[in-house]
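In what follows, chains carry the letters A, B, and so on, assigned in the order in which the sequence lines appear, proteins first and then strands, with residues in each chain numbered from 1.
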Amino acid sequence: MEAVLAGAISAALTRLGVDADLSRIGLERPARTDHGDWSTNAALVHAKGAGMAPRELAQQLAAELDGAGLPHLERTEVAGPGFVNLHLAPSWLHEVLAGVLNQGAEGYARHDVGAGQTVSLEFVSANPTGPLHAGGGRWGAFGDSLARLFRRCGYDTVTEYYVNDLGAQVLLFGQSLLARLTGEPVPDDGYHGEYVADWASELASELRSRAGGEGDPSLLVRDAALNAGLAPIPLGSSVEARLAARWGIERALRDVRETLESMNVSFSHWQHESELAESGAMDAVLAQLRTAEEPGAQDAVERTPDISWTYTDDGAEWLRTTEFGDDKDRVLIRSGGEPTYFLPDIAYHDAKFSAERFRRFRRQDSARGEVDDDGTSGEVDLVIDVLGADHHGYVARMAAAMQMLGHPAESYEAIVGQNVTLMRDGKVIKLSKRTGTMVEVRELVDAVGPDVARFAFLLQSIDSRQTIDIDLLSAQAAENPVFYVQYAHARIASVARRAEADGVAPVPPPSTDLSPLAGDRELALLRALEVLPSVVEIALRERAPHKVTTWVRDLAAAFHGFYHDCPILHSEVSPEVRDARLCLTEGTRIGLAIGLDLLGVDAPEAM
RNA sequence: GCGCUUGUAGCUCAAUUGGACAGAGCAUCUGACUACGGAUCAGAAGGUUCGGGGUUCGAAUCCCUGCAAGCGCGCCA
């Protein structure tokens with residue numbers, strides 16, 4: 001419909017002798033229904049160029065449209081400063097509903113804008129040194145829903161979690177675990193949380209049972225370490241600490257994975273930094289960066305052939321990230337010869353562009369039946385990082401490095417979200433490694449359930465800071481908006497069961513005539529249903545899954561209003577009206593199912 | 001100090017990216033069907049969109065400026 005109207009407007013302008021500037025013409029659904037079903041500002045935009053008063057041009061445009069014989073168009077009107085409002089007959093909404101029913105939850109609001117394009121999405125990637133905290137929950141919900149939006153819009157999509165298992169933090173974590181195990185003091189800058197002690201005793205009992213019973217944990221850990229062959233973990237510390245670290249990483253990852261899965265968040269691939277290091281990817285990338293003549297050198301940047309993207313200063317090797325707009329150049333290799341965090345991360349991001357690697361993960365997803373594998377070629381088109389605000393200073397340098405390696409500027413994108421705080425009973429719990437006081441996502445999920453938790457994370461824009469009070473959320477659990485939406489779905493399921501029992505299950509059009517759907521509540525519900533495709537498109541374009549949350553609440557509200565005022569199966573309702581309403585009900589169920597699926601929230605048959 | 005993000009009803013947040021009278025939920029007050037599920041519906045009240053300038057047919061949205069908050073500004077990750 002939108003395309004038909006846009007074409008008609010542009011044609012009408014041409015007939016009026018106006019140079020139509022399509023990019024500036026807005027065609028939108030007005031907020032107020034008395035402003036029509038669609039509205040355009042075309043006359044306002046073009047009045048100056050046409051040398052006419054806006055309202056005068058609007059009058060002529062309206063007359064042209066009236067005479068154009070557009071389907072469903074009932075009347076036009078000029079309003080306000082020069083808007084042209086288009087009032088359509090309900091039949092256009094009936095057509096929309098017929099489409100919804102025919103396409104079903106699989107097909108409705110599905111786009112092909114991304115067909116043939118590949119997207120890699122990385123999110124959460126919290127250090128594997130403890131349970132998942134607030135940010136992890138938010139980025140998990142956000143990233144996973146964004147991936148679902150990409151898939152619904154036709155993009156080939158892979159999701160990744162980066163496991164940073166080599167750095168100094170991991171070593172400290174191992175040392176902290178070891179200290180708890182042996183009863184020595186935890187290092188000052190180590191991990192002091194309760195969970196470290198808990199996990200240490202888990203490790204101890206694991207070692208004991210492996211040793212066949214009793215034993216001094218500190219001696220056992222030494223034996224285990226010596227037998228474990230820990231060479232691949234170059235941490236530069238005692239073998240015991242390294243063993244503890246390796247065990248601890250897996251323990252933490254298991255915890256993180258469980259928590260995320262409980263929120264319906266999963267990943268195509270968990271990329272360990274250590275595996276990347278062993279593959280030699282770091283060396284290859286470094287060699288490439290040292291040669292400025294790789295195709296990565298952008299035309300826009302003037303360079304002489306003998307200059308490298310790196311240089312040495314103060315004994316360290318630097319990357320010229322300022323060439324691509326960074327504040328300062330960044331160290332790749334410390335003067336001591338050790339790489340910084342930056343270098344392996346560059347190697348990782350470069351690897352994410354690999355089509356082979358991408359396809360490998362896609363095949364794994366397909367094997368799990370999550371997505372189809374239709375094959376891809378060339379580089380991955382878009383690599384996205386979802387980052388917390390505390391990492392925003394990092395994106396300029398990564399964007400620079402990617403361009404140096406030949407990846408177009410627009411193929412790397414960082415989405416920066418504001419931080420989240422989980423609170424307990426109105427008190428902010430400062431996330432602190434030192435004191436170990438914090439609130440875990442697991443605690444949130446345990447307290448309110450996965451749907452409430454996930455919905456809460458997706459309730460607002462990623463740009464706004466978020467505080468979630470576990471106690472407040474628990475106390476208000478019954479009033480939570482997610483139940484309002486789920487209730488609508490359950491109600492519909494209940495109606496369907498009843499209709500089935502009565503032997504009046506709905507038959508989709510054309511067998512059923514939808515024209516009885518003409519009341520205010522029915523039309524409002526149809527209108528809400530109609531906008532879903534554009535909501536999906538906008539939510540993806542703006543990287544804003546919360547728009548789906550807002551929409552699904554709107555749809556539920558429209559349904560509850562309809563349900564309240566419009567009896568469906570009551571005996572006094574005529575069969576024609578009953579059947580049409582059953583169709584509307586089923587269409588609404590489809591819309592709710594799509595929305596809730598995008599949000600990763602359950603759509604229950606009963607509550 | 002510089003940079004990024006943000007500032008909207010008492011509270012938590014939306015607002016089709018420049019559109020028409022700024023909308024929801026919670027909290028407060030008042031009502032509703034002997035009911036296809038009341039976890040619902042209707043209504044009331046609540047606003048100088050942080051302040052001040054500017055741009056234009058039109059600004060919560062764009063520009064300038066001031067104020068306030070979060071984050072960042074390491075040869076840490």
For B/U6, take OP1 and OP2 only and decide whether either is under 4.0 Å from a side-chain N or O of A/Ser464.
-> no
For B/C21, measure the glycosidic angle (O4'-C1'-N9-C4 for a purine, O4'-C1'-N1-C2 for a pyrimidine) and name it syn if it falls within 90° of 0, otherwise anti.
-> syn
A/Asp390 has a side chain; which of B/C71, B/C75, B/C36 sits nearest to it?
-> B/C71
Whole Å only: how far is the CH2 atom of A/Trp551 from the P atom of B/A15?
-> 16 Å
Looking for any heavy atom pair under 4.0 Å, which part of the strands does A/Asn127 touch: base, sugar-phosphate only, or nothing?
-> sugar-phosphate
Just call it for A/Thr550: base, sugar-phosphate, or nothing, with non-hydrogen atoms closer than 4.0 Å on any strand.
-> sugar-phosphate
Check every strand shown and say whether A/Ala53 touches a base, only sugar-phosphate, or nothing at a heavy-atom separation below 4.0 Å.
-> nothing
Is A/Arg465 touching bases, backbone alone, or none of the nucleic acid, heavy atoms closer than 4.0 Å?
-> base
Counting only distance, no hydrogens or angles, is the base of B/U17 paired donor-acceptor with the side chain of A/Glu542 under 3.5 Å?
-> yes
NA contact type, A/His35, heavy-atom cut-off 4.0 Å: base, sugar-phosphate, or nothing?
-> base
Considering every strand shown, what is the Watson-Crick or G-U wobble mate of B/G18 when both distances are under 3.5 Å?
-> none
Using the P atom as the reference point in each nucleotide, state the distance between B/U5 and B/G10 in Å, no decimals.
-> 28 Å
Are any of the side-chain nitrogens in A/Asp326 or A/Arg320 under 4.0 Å away from the carboxylate oxygens of its partner?
-> no
Roughly how far apart, to the nearest Å, are B/G51 and B/U56 at atom C1'?
-> 23 Å
Pairing partner of B/C73 (Watson-Crick or G-U wobble, both distances under 3.5 Å) = B/G1
Does the aromatic ring of A/His391 sit over the six-membered base ring of B/A77, closer than 5.5 Å centre to centre and tilted less than 30°?
-> yes
Short heteroatom pairs, N/O only, protein and nucleotides 23-25 of chain B, under 3.5 Å:
{"unit_1": "B/G25", "atom_1": "O4'", "unit_2": "A/Arg553", "atom_2": "NH2", "d": "3.2"}

Are any of the side-chain heavy atoms of A/Val452 and A/Leu444 separated by less than 4.5 Å?
-> no
Scanning all shown strands, the Watson-Crick or wobble mate of B/A60 with both distances under 3.5 Å is none
Does A/Lys48 place a side-chain N or O at less than 4.0 Å from the phosphate oxygens OP1/OP2 of B/U56?
-> no
Mind checking the C1' distance from B/C36 to B/U40? Whole angstroms is fine.
-> 13 Å
What integer number of Å spans the P atoms of B/C21 and B/U49?
-> 14 Å
When rounded to the nearest Å, what value does the distance between C1' atoms of B/C62 and B/G18 take?
-> 8 Å
Under 4.0 angstrom between A/His570 side-chain N/O and B/C36 OP1 or OP2 = yes
Can you tell me how far C1' of B/C4 sits from CD1 of A/Ile415, to the nearest Å?
-> 16 Å
Taking CD from A/Gln466 and C1' from B/U6, how many angstroms apart are they, rounded to a whole number?
-> 14 Å
Phosphate OP1/OP2 of B/C73 contacted by A/Arg397 side-chain N/O (<4.0 Å) | no
Length of the CG-P vector between A/Asn419 and B/C4, whole Å = 18 Å
Considering only heavy atoms and no angle criterion, is a donor-acceptor pair shorter than 3.5 Å present between the side chain of A/Ser335 and the base of B/C75?
-> yes
Sugar-phosphate, base or nothing in reach of A/Leu44, heavy atoms under 4.0 Å = base
For A/Ala606, which contact category applies under a 4.0 Å heavy-atom criterion: base, sugar-phosphate, or nothing?
-> base
In whole angstroms, the gap separating P of B/G70 from NE2 of A/His392 amounts to 15 Å
Walk me through it: do A/Glu317 and A/Thr312 pass the test side chain to side chain donor-acceptor pair (under 3.5 Å)?
-> CA-CA 4 Å; A/Glu317 186 165 357; A/Thr312 304; 5.3 Å; no
If you measure only the distance, is there a donor-acceptor pair under 3.5 Å linking the side chains of A/Tyr341 and A/Asn164?
-> no
B/A35 pairs with which nucleotide, Watson-Crick or G-U wobble, both distances below 3.5 Å?
-> none
Name all residues meeting the side-chain hydrogen bond (donor to acceptor under 3.5 Å, both in side chains) criterion together with A/Asn419; count only those two or more places apart in sequence or in a different chain, and write none if there are none.
-> none
Round to a whole Å and report the spacing from CZ of A/Phe559 to P of B/C36.
-> 13 Å
Salt-bridge criterion met for A/Arg578 and A/Glu576 (N-O under 4.0 Å) | no
Can you tell if the side chain of A/Thr585 reaches within under 4.5 Å of the side chain of A/Phe562, non-hydrogen atoms only?
-> yes
Inter-nucleotide C1' distance (B/A60, B/A15), Å rounded = 9 Å
Under the 5.5 Å and 30° test, is A/Tyr487 stacked on the base of B/G37?
-> no
For the ring pair A/Tyr161 and A/Trp270, is the centre-to-centre distance below 6.0 Å?
-> yes
Scan A/Pro54 against the nucleic acid and name what it touches under 4.0 Å (heavy atoms): base, sugar-phosphate only, or nothing.
-> nothing
Assess the side chains of A/Gln169 and A/Tyr191: does a donor N or O sit below 3.5 Å from an acceptor N or O?
-> yes
Syn or anti for B/U6, taking syn as within 90° of 0?
-> anti
Counting any heavy atom closer than 4.0 Å, what does A/Asp463 reach on the DNA or RNA strands: base, sugar-phosphate only, or nothing?
-> sugar-phosphate
Could you give the CG-to-C1' distance, from A/Asp188 to B/C76, as a whole number of Å?
-> 17 Å
Which part of the nucleic acid, if any, lies within contact of A/Ala488, taking any heavy atom under 4.0 Å across all strands shown: a base, the sugar-phosphate backbone alone, or nothing?
-> nothing
Nearest-Å distance once atom P is located in both B/U61 and B/U48 | 16 Å
Look at all strands and tell whether A/Ser39 reaches a base, only sugar-phosphate, or nothing, counting heavy atoms closer than 4.0 Å.
-> base
Give a yes/no verdict on base stacking between B/A14 and A/His546: centres under 5.5 Å, planes within less than 30° of parallel.
-> no
Taking any strand in view, what nucleotide pairs with B/A68 in a Watson-Crick or G-U wobble way, both distances under 3.5 Å?
-> B/U6
Among B/C36, B/C57, B/A39, which is the nearest nucleotide to the side chain of A/Ile568?
-> B/C36
Do A/Glu160 and A/Lys352 sit within salt-bridge range, that is, some charged N less than 4.0 Å from a carboxylate O?
-> no
Think A/Arg521 has a side-chain N or O under 4.0 angstrom from the OP1 or OP2 of B/A42?
-> yes
So, are A/Arg589 and A/Glu586 salt-bridged, with charged N and O less than 4.0 Å apart?
-> yes
Would you mind classifying the nucleic acid contact of A/Tyr394 as base, sugar-phosphate or nothing, using non-hydrogen atoms under 4.0 angstrom?
-> base
How are the rings of A/Tyr162 and A/Tyr348 set relative to one another: parallel (under 30°), tilted (30 to 60°) or perpendicular (over 60°)?
-> parallel
According to the Watson-Crick and G-U wobble definitions, with both distances under 3.5 Å, which nucleotide is paired to B/G25?
-> B/C11
Inter-nucleotide P distance (B/G3, B/C11), Å rounded = 31 Å
So, does the side chain of A/Asp565 form a donor-acceptor pair with the base of B/A42 at under 3.5 Å?
-> no
Looking across every strand, which nucleic acid part, if any, lies under 4.0 Å from A/Asn85 by heavy atom: base, sugar-phosphate, or nothing?
-> base
Between A/Gln418 and A/Tyr341, whichever has its closest RNA chain B nucleotide further toward 5' is A/Gln418
